[in-house]
Amino acid sequence: MRAGPVAFLLVASCSREPSEVYIPAPDFTQSLSIATAQGPRAGIRVGEPLRLHAARRTGPWIRVARASLPENACWLAVSPPDFEREVAATVRWHVEPPHQATFNGGLRPDGTREVVFAAPGTYRLTAVSASWCGEPFGGDTLAVEVDAAAD
């Protein structure tokens, strides 16, 4: 079966690069802020879920001619948001010490994550975000005090 001229035009228009794109401005920065519903030093019990929040800022972005960029330059067809209020479900969480925390596997409608700890102790949580252009980046650290489960 041969594709007709309409199909060819549709494919060609979808794969065409835009003439103007967005790139990081010279003063571009990225930041990630993490928090819990209980604040920066959360206290919970073993087995109790702790809700995690993360907010991401990136920018500014500038609009330039695509033809003015080197071949492998990072660019986006649409400017990303400067501020994303809740990205906890889309960042990678790290816990120290490891192997005692379990994160919820499903997506929550509000974009938060939940973590449950299996043993008492003091845990440090950090998060790493993918970057629109560049290396992944992290932010602050949260301290979580986990007490033994109630009898």
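Index from 1, following the sequence.
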With rounding to the nearest 0.5 Å, note down the distance linking SG in Cys133 to CZ in Phe28. 6.5 Å

Any side-chain heavy-atom pair of Arg51 and Arg108 under 4.5 Å: yes

Pair Glu20 + Arg66, salt bridge at N-O below 4.0 Å: no

Can you see whether Ser31 engages Arg57 through a side-chain donor-acceptor pair at a distance of less than 3.5 angstrom? no

If hydrophobic clusters are built by linking Ile, Leu, Val, Met, Phe, Trp and Tyr wherever their side-chain heavy atoms come under 4.5 Å apart, do Ile62 and Leu76 end up in the same one? no

Quick one: CZ on Arg56 to CG on Asp82, what's the gap to the nearest 0.5 Å? 12.5 Å

Nonpolar side-chain network containing Val91, other nodes, edges under 4.5 Å: Leu32, Ile34, Ile44, Val46, Leu50, Leu52, Val87, Trp93, Val95, Phe103, Val115, Phe117, Tyr123, Leu125, Phe137, Leu142, Val144, Val146

Ring center gap for Trp132 and Tyr22 short of 6.0 angstrom: no

Salt bridge flag under 4.0 Å for residues Arg124 and Glu96: no

I need the Gln30 CD to Ser131 OG distance, nearest 0.5 Å. 3.5 Å

Could you tell me which non-hydrogen atom of Ala88 sits nearest to which non-hydrogen atom of Arg113, and how far apart they are? O-CG, 3.0 Å

Looking at Asp140 and Ser33, what are the two nearest heavy atoms and their distance? OD1-CA, 3.6 Å

Can you tell me if Arg92 uses its side chain to pair, donor with acceptor, with the backbone of Ala127 under 3.5 Å? no

Will you find, in the side chains of Glu86 and Thr112, an N or O donor that is under 3.5 Å from an N or O acceptor? no

For Ala77 against Pro18, the heavy-atom pair lying closest together: CB-CG, 4.0 Å

For Arg45, does its backbone N or O pair with a side-chain atom of Asp147 as donor and acceptor, under 3.5 Å? no

Any side-chain donor near an acceptor of the partner, Thr122 and Glu145, under 3.5 Å: yes

If you count heavy atoms of other groups shown closer than 6.0 angstrom to CZ of Arg85, is the number above 12? no

Within the 4.5 Å heavy-atom criterion, are Ile23 and Cys74 side-chain neighbours or not? no

Side chains of Arg63 and Val21 in contact at under 4.5 Å (non-hydrogen atoms): no

